[in-house]
*Asks:* 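Encoded as structure tokens, here's the structure I'll be asking about.
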Amino acid sequence: MDIALVVVFVIATFLGAELIAKVPAILHTPLMSGANAISGITIVGALIVTGAVASPWAKWVGFAALVFATINVVGGFLVTDRMLEMFKRPDRSEAATTPSTNGRGK
Amino acid sequence: MDIALVVVFVIATFLGAELIAKVPAILHTPLMSGANAISGITIVGALIVTGAVASPWAKWVGFAALVFATINVVGGFLVTDRMLEMFKRPDRSEAATTPSTNGRGK
Amino acid sequence: METVITLAYLVAAALFIYGIKRLSSPVTARGGNRMAAVGMLIAVVAALMEERILNVPELIAGLALGGAIGAVLAKRVPMTAMPEMVAAFNGFGGIASALVASAEVLRYYAREIGVAAEAGGDISAVATAAFDRPLALTIALSVLIGCVTFSGSFVAYGKLSERLKSNGFRGLRAASILVGLGVLAATVWMVVAAPAFPAVEGPVMTSLVALAALALVLGVFLVLPIGGADMPVVIALLNSYSGLAAAATGFVLSNYALIVSGALVGASGLILTKIMCDAMNRSLANVLLGGFGAEATGGAAAAGGEERPIRSTSADDVAVLLSYASSVIVVPGYGLAVAQAQHEVREMAEILERQGVEVRYAIHPVAGRMPGHMNVLLAEANVPYDKLVEMDDINADFATTDVVLVVGANDVVNPAARTDKTSPIYGMPILNVDEAGNVIVLKRSMRAGYAGIENELFYNPKTQMLFGDAKASIKAVIDELKALQPA
Amino acid sequence: METVITLAYLVAAALFIYGIKRLSSPVTARGGNRMAAVGMLIAVVAALMEERILNVPELIAGLALGGAIGAVLAKRVPMTAMPEMVAAFNGFGGIASALVASAEVLRYYAREIGVAAEAGGDISAVATAAFDRPLALTIALSVLIGCVTFSGSFVAYGKLSERLKSNGFRGLRAASILVGLGVLAATVWMVVAAPAFPAVEGPVMTSLVALAALALVLGVFLVLPIGGADMPVVIALLNSYSGLAAAATGFVLSNYALIVSGALVGASGLILTKIMCDAMNRSLANVLLGGFGAEATGGAAAAGGEERPIRSTSADDVAVLLSYASSVIVVPGYGLAVAQAQHEVREMAEILERQGVEVRYAIHPVAGRMPGHMNVLLAEANVPYDKLVEMDDINADFATTDVVLVVGANDVVNPAARTDKTSPIYGMPILNVDEAGNVIVLKRSMRAGYAGIENELFYNPKTQMLFGDAKASIKAVIDELKALQPA
Ligand SMILES: NC(=O)c1ccc[n+]([C@@H]2O[C@H](COP(=O)([O-])OP(=O)(O)OC[C@H]3O[C@@H](n4cnc5c(N)ncnc54)[C@H](OP(=O)(O)O)[C@@H]3O)[C@@H](O)[C@H]2O)c1
Ligand SMILES: NC(=O)c1ccc[n+]([C@@H]2O[C@H](COP(=O)([O-])OP(=O)(O)OC[C@H]3O[C@@H](n4cnc5c(N)ncnc54)[C@H](OP(=O)(O)O)[C@@H]3O)[C@@H](O)[C@H]2O)c1
């Protein structure tokens, strides 16, 4: 095992710890969900193992890993996006286009 | 040149950029000075080169590097410490130990 | 080529870094998520170029199958079930890491018994290295963390979706310790047996299977005693674990993408866990060792024994009270999500507003079962964003408010948090609804909320209870309001 | 062993990381600096274990000599000269990186011509690798950045210590571009010639020397046109460069300590530069392309041509005004540092306070010549910390203040920043001293401050000028105050 990997791991850990400091409560869940999708990076490992292996056993184990990891990645990003879509401020943009006398002035 | 070095460099750069966000103005100079002392890490390079080299030319170039880097490191940390010593709150600690009637009550 | 691939991984990592950063600010959050998704795409493409690919159909099938399942699940899940969905996804990620590490073991084994040679040769550069002890240790770690994440996440899923009600059994703690020791033993066994593998394959294979099985049990045991209300924190923690599992797998494969991204998620997940604990005024240790969600229910049941006077009210009385008010604050809670009454609440508010009543919503940071739960629900019902006011900003206004409508909230308006030092929620900041002129509480019964404790507010003389499902109750109030209006 | 050393470097890097973090918060700053120093010690010890050491006496001599010089310089430098001291240290760091990279080249060369073999063999693992183009490029970068840092830092040193007054010459910009092209050419030359080295040593050696020389000139040319007032920003930027130089040297030596620490300083230094620019309301580009410090002086001289009425006052008048005031705000500026009048100011304040006058100090973020300059000076004179009030907190109080004493400040109280859109300092937040009842300005003449512009405040009917060296003026005021006191 290469020591370079350890160096990278340690520095990346420090970076991860610095990355988020103050998060408003409403973003806790989307942030968790987005980070969860990123942890699906193991899809890369699954691809490498499944793609390069000749043994049938290893291949099928890798295949299972690939399916699970892809669920995590695809589902994770989509569900995060759906959550965040909810936080859009629909009124703001509408208010800018629709005149505000609507249903009041007349 | 190993690609691992590039990975480490990039991640450490991201980390460095995250590390400081809000710094009160009075700490700009000490922070700069402390970071400057850290950039004297090139002392490690100077030690390796000077210590391991047999050629007299390279040795003396390395020696010069070692002297300069050591000035940077030792001077840098000391001057930073002196700056920060100025920011001590001498009153607070004294106020806690000396009774506050001093020179007033009598 | 290797250089190009590693640089692509670096680009992906940079996108993850920016993605996570942006996800922590409301304005940029959505872009951040998409940035991270692009990063993932780049990483996948880079991975596909890593080695000569033998099994193209399998790869396509795996990506398609996983992608389809993930997309369908993500699209179908109702808003209120999102936290458990995240838990499930997280579990999948964990098990994937464990499976990749296991596949590596099988790959070494296959090479030894000659399958590889027949089938055209195993071309992995990694697999040609010796199966030494450090490698065995990283594989063990990857399997361990991955399996704990998997089973733990699914217990969390079960609890959040209320399919799993158990909080464990007597002696669970002792059992957990035993299983933990077993995990340790299996790991040591595998590491010790590593150098002989794959020539002598028995010990490594057996210990691997044992380790996986024990780790799965451990995950269940660790999460089982934790109360359902604490599940969001648990999921955040398990998410940090699944990052670590990915990083461990990265060490197995010597892959920078996995190590960097895994470490990022591992560390930032831990920070997020801490932030979430702070928002609930709990310590992480307190959460993990089985918090109030699990234990305090007994106390509430006991307290429920005595009969105390409460004021019960009806929909038409509430309608009259509301239409004569000049300012109304709605306090939504978990019950709003259960009843799915958000659309009715919005309709009621609109009717009141047309009559000149000011209606706002007080959002407690931990109302509901996930942070932002109330925001999500009310946004879904198109409640204008600027009507939602955070706790700190609205708490001063209750004293000048005529009517507070508590819709399925309980713990977040419990004055015991302010006054009762023995209460498990003592010290948690709450919404000071009892300062308002009138408090109307919509819930189905006198049962406790998630913390499982009595709520003095319900016995406050200012408080009137409107019993029944929140959706039905609000509908009734709307009907009465309409009836009151001049035709 | 290599693993242990790399882990030691990692520990050092972790200490640097925490050190930098702590340095950015007042309470922890001092500990942070010491933490980083401990990290450096660990890194040095690890470096000493890296390879079998041939030249023990040289190492001891180098460390002792450098350490002694550094310690003496750091201890001897007066408070007010600290910014230029930092500039000088930074220059030394830069040249050290360049020298290390150059020594690597000589090492390859020596090996070829057989010196190494005679002297017992060159044992560096690095030097046994081929001298290929990527290596040549990193060496060139290291030399380039290191030399620019060195000469640039010493120009900054000269400007700050006021030994260097020149702001360049006609055609400097064109000359810089030419030198820049020369640097590029030398780099390309060296990279192209690399594979033949050390067998054919001429081109690499020549290009290396040319590169170093040109880079030294470039550093001078880049910093020369920048005004003295902008030097702190320039030093912060050059500090970032010296981090990059160290990182480049790290690539040359394949050393993680240098790469990680260099990258940390390179990136955080850049952020700090930006923060400092923001505090001065300037953009970095504006600073680097020669800011107002250099150019605007002409305008001031022109404006100084006309005669306008000012009110001049005397120490005894000021003493009377002060003793009848109920609140006084002292606004210190660069002139306080020049006059070294901080002790006198503190003494005056104490006398006034004993008479019941409230005395506070208004600290502008860029008063003086380095951030925190005023804090350092006043702290040195034992002015209580809580008497120093930051601009944003005190600006509202001027309107209710009787007397403002401007001690050697100019630009930071110039109302042109608020009103005159054509002024080079327009938009910079200033201390609103003109809202106070009386303003007394202590300076030696009507000369402009660092921005080189006229100050309308001095012509304000509320303003009285007390001309003379600030130290002498305040001493005189103290004498008058004592004379006024009942014996
Ligand atoms: N938001 C988060 O991130 C998060 C995370 C972890 C833990 N928690 C915890 O969850 C709790 C949240 O507090 P909360 O006040 O929102 O909820 P709560 O204290 O759990 O109370 C919810 C109330 O809603 C009522 N209810 C349920 N279904 C209903 C329906 N269909 N119609 C009307 N009422 C209904 C229930 O009473 P009946 O059964 O009588 O109807 C219950 O008392 C806190 O203890 C918090 O610490 C939150
Ligand atoms: N603090 C920082 O970090 C920093 C960094 C970069 C640039 N700057 C710039 O530096 C300037 C700082 O503003 P400032 O108001 O503090 O200083 P200033 O504008 O430079 O004015 C200082 C004044 O002090 C007077 N003075 C000099 N020696 C004196 C003595 N012995 N006794 C009495 N008066 C004396 C000078 O007038 P006479 O010659 O008439 O006496 C001069 O007008 C700003 O333009 C700022 O942007 C600051």
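In what follows, chains are A, B, ... by sequence order, proteins preceding strands, each numbered from 1.
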*Asks:* Against chain D, work out which of B:L15, B:I48, B:I11, B:V73 has the most heavy-atom pairs shorter than 4.5 Å and name it.
*Replies:* B:I48
*Asks:* With only heavy atoms counted, which part of B:I38 is less than 4.5 Å from chain D, the side chain, the backbone, both or neither?
*Replies:* both
*Asks:* Applying the side-chain contact (heavy atoms from CB on, under 4.5 Å) criterion to D:L99, which one of B:V49, B:V61, B:T42 satisfies it?
*Replies:*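 Looking at B:V49, B:V61, B:T42, the match for D:L99 under the side-chain contact (heavy atoms from CB on, under 4.5 Å) is B:V61.
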*Asks:* Quick one: closest heavy-atom pair of B:A17 and D:A267, and the distance?
*Replies:* N-CB, 3.5 Å
*Asks:* Which bit of D:P83 is near chain B, if near means a heavy-atom gap under 4.5 Å: side chain, backbone, both or neither?
*Replies:* neither
*Asks:* With a 4.5 Å cut-off on side-chain heavy atoms, are B:N72 and D:N90 touching?
*Replies:* no
*Asks:* With a 4.5 angstrom heavy-atom cut-off, is it the side chain or the backbone of D:R133 that approaches chain B, or both, or neither?
*Replies:* neither
*Asks:* Donor-acceptor pair, B:R82 side chain versus D:K75 backbone, under 3.5 Å?
*Replies:*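 Pair found, side chain donor or acceptor close to backbone of D:K75.
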*Asks:* Distance from D:S97 atom OG to B:I41 atom CD1, nearest 0.5 Å?
*Replies:*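 Going from OG on D:S97 over to CD1 on B:I41, the span is 10.0 Å.
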*Asks:* Quick one: does B:L47's side chain get under 4.5 Å of D:L63's, heavy atoms only?
*Replies:* yes
*Asks:* Against chain B, label D:L244 side chain, backbone, both or neither, depending on which of its atoms sit under 4.5 Å from a heavy atom there.
*Replies:* side chain
*Asks:* I'd like to check B:M83 versus D:N33 (side-chain heavy atoms, cut-off strictly below 4.5 Å). Are they in contact?
*Replies:* no
*Asks:* Sort out for me which residue in D:L238, D:V265, D:L264 forms a side-chain contact (heavy atoms from CB on, under 4.5 Å) with B:S39.
*Replies:*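 Single pass found, and it is D:V265.
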*Asks:* What's the separation between atom CD1 in B:I20 and atom CD1 in D:I20, rounded to the nearest 0.5 Å?
*Replies:* 7.5 Å
*Asks:* Which heavy atom of D:P232 sits nearest to which heavy atom of B:M32, and what is that distance?
*Replies:*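 Closest approach of D:P232 to B:M32: O-SD, 3.7 Å.
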*Asks:* For D:L270, is it the side chain, the backbone, both, or neither that has a heavy atom closer than 4.5 Å to a heavy atom of chain B?
*Replies:*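 No part of it gets close to chain B.
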*Asks:* Is chain B contacted by the side chain of D:R34, its backbone, both, or neither, given a heavy-atom distance below 4.5 Å?
*Replies:*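 Contact with chain B involves the side chain of D:R34 alone.
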*Asks:* Could you tell me which portion of D:I363 (side chain, backbone, both or neither) has an atom closer than 4.5 angstrom to a non-hydrogen atom of chain B?
*Replies:*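 Neither; nothing under 4.5 Å.
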*Asks:* Can you tell me which portion of D:V100 sits under 4.5 Å from chain B's heavy atoms? Options are side chain, backbone, both or neither.
*Replies:*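 For D:V100, the contact with chain B is made by backbone and side chain together.
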*Asks:* Report which part of B:F63 has an atom under 4.5 Å of a heavy atom belonging to chain D: side chain, backbone, both, or neither.
*Replies:* side chain
*Asks:* With a 4.5 angstrom heavy-atom cut-off, which part of D:S240 approaches chain B: side chain, backbone, both or neither?
*Replies:* neither
*Asks:* Where does D:A13 contact chain B at under 4.5 Å (heavy atoms): side chain, backbone, both or neither?
*Replies:* neither
*Asks:* Where is the tightest heavy-atom contact between D:M276 and B:H28, given as atom of each residue plus distance?
*Replies:* CG-ND1, 3.4 Å
*Asks:* Any idea how D:F92 and B:F68 line up, ring-wise: parallel (<30°), tilted (30 to 60°), or perpendicular (>60°)?
*Replies:*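 The arrangement is parallel - the two ring planes meet at less than 30°.
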